[in-house]
Novice: 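Here it is: the structure, laid out below.
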Amino acid sequence: QVQLVEFGGGLVQAGGSLRLSCVASGRTFNNYIMGWFRQAPGKEREFVGRISRSSTTYYEDSVKGRFTISRDNAKNTVYLQMNSLKPEDTAVYYCAATIDHATAASLYMYWGQGTQVTVSS
């Protein structure tokens, strides 16, 4: 089992920045590929990006160049740095763990509880 807890959500104006953190406990963190997802009201959960065990990253097109995922295996933590935020980035953000290079939420085995990010216009 892996337990994931997200931190760092909040309210920010358009054009601003936020950094989310996701702290893992339980089984070995660096065995897992870590992903970030988001879910806006009335919409399905969507893939934001992921980071491999060796810190290779992959992003969904709408966040490329604005969002950056990093990980610190010594701290069992993965980060999502979000810059140039837009109102359409408003959602609950989740971190998740998988052993696959996946974009589908169904392939992620462990999930955090989510943290709300609200971007005002």
Novice: For E88, enumerate each residue passing the salt bridge (Lys or Arg N to Asp or Glu O under 4.0 Å) test, keeping only those at least two apart in sequence or located in another chain.
Specialist: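 E88 satisfies salt bridge (Lys or Arg N to Asp or Glu O under 4.0 Å) with no other residue.
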Novice: Name the atoms and distances for all side-chain donor-acceptor pairs under 3.5 Å in residues 79-87, with sequence neighbours left out.
Specialist:
residue	atom	partner	partner atom	Å
Q81	NE2	N83	OD1	2.9
N83	OD1	S17	OG	2.9

Novice: Could you tell me which non-hydrogen atom of R50 sits nearest to which non-hydrogen atom of A102, and how far apart they are?
Specialist: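 In terms of heavy atoms, the two residues are closest at NH1-O, 3.2 Å.
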Novice: Is there side-chain contact between V48 and Y59, with heavy atoms separated by less than 4.5 Å?
Specialist: no
Novice: Please tell me whether L107 and M34 are part of a single hydrophobic cluster in this structure, the criterion being side-chain heavy atoms less than 4.5 Å apart.
Specialist: no
Novice: If you draw a 6.0 Å radius around CD1 in I99, do more than 12 non-hydrogen atoms from other residues or ligands fall strictly inside?
Specialist: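 No, the 6.0 Å shell around CD1 holds no more than 12 heavy atoms from other groups.
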Novice: Answer yes if the ring centres of F37 and F47 are under 6.0 angstrom apart, and no otherwise.
Specialist: yes
Novice: If you define the side chain from C-beta out and look only at heavy atoms, does anything of I51 sit under 4.5 Å from T56?
Specialist: no
Novice: Could you tell me whether the side chain of T98 and the main chain of D100 form a donor-acceptor pair under 3.5 Å?
Specialist: yes
Novice: Please walk me through it: do Q1 and Q3 pass side chain to side chain contact (heavy atoms under 4.5 Å, CB included)?
Specialist: CA-CA 7 Å; Q1 279 281 37; Q3 292 80 41; 3.5 Å; yes
Novice: Taking all atoms of both residues into account, what is the closest heavy-atom pair of S21 and T77, and its distance?
Specialist: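 Answer, listing the atom of S21 first, then T77: CB-CG2, 4.3 Å.
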Novice: On a heavy-atom basis, which atom in W111 and which in A105 lie closest, and how many Å separate them?
Specialist: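 Closest heavy-atom pair between W111 and A105: CZ2-O, 3.4 Å.
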Novice: What are the two closest non-hydrogen atoms of I33 and S52, and how far apart are they?
Specialist: CG1-CA, 4.1 Å
Novice: To the nearest 0.5 Å, how far apart are OH in Y94 and CG in L20?
Specialist: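 Reported to 0.5 Å precision, the distance equals 12.5 Å.
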Novice: T90 and A40: which non-hydrogen atoms are nearest, and at how many Å?
Specialist: O-CB, 3.7 Å
Novice: Among residues two or more places apart or on two chains, list those pairs meeting salt bridge (Lys or Arg N to Asp or Glu O under 4.0 Å) that have a residue in residues 58-79.
Specialist: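 Every salt bridge (Lys or Arg N to Asp or Glu O under 4.0 Å) pair that includes a residue of residues 58-79, provided the two are not neighbours, is D61-K64, R66-D89.
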Novice: Please determine whether side chain to side chain contact (heavy atoms under 4.5 Å, CB included) holds for the pair L4 and V23, giving the CA-CA distance in whole Å, both sets of side-chain angles, and the decisive distance to 0.1 Å.
Specialist: CA-CA 6 Å; L4 302 172; V23 180; over 6 Å; no
Novice: Once you round to the nearest 0.5 Å, how far does OG1 of T68 lie from CZ of R19?
Specialist: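 CZ of R19 is found 11.5 Å from OG1 of T68.
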Novice: Give, for atom CZ of F67 and atom CZ of R38, the distance between the pair rounded to the nearest 0.5 Å.
Specialist: 5.5 Å
Novice: Is the OH atom of Y58 crowded by more than 12 outside heavy atoms at less than 6.0 Å?
Specialist: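 Atom OH in Y58 is not packed in, count stays at 12 or less.
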Novice: How long is the gap from OG on S54 to CG on N30, to the nearest 0.5 Å?
Specialist: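 It comes to 11.0 Å.
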Novice: Go through the steps for Y93 and E6 under the test side chain to side chain contact (heavy atoms under 4.5 Å, CB included), then give the verdict.
Specialist: CA-CA 8 Å; Y93 282 71; E6 300 98 338; over 6 Å; no
Novice: Which atoms form the tightest heavy-atom contact between Y32 and V2, and what is the distance?
Specialist: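 Taking every non-hydrogen atom into account, CE1-CG2, 3.6 Å.
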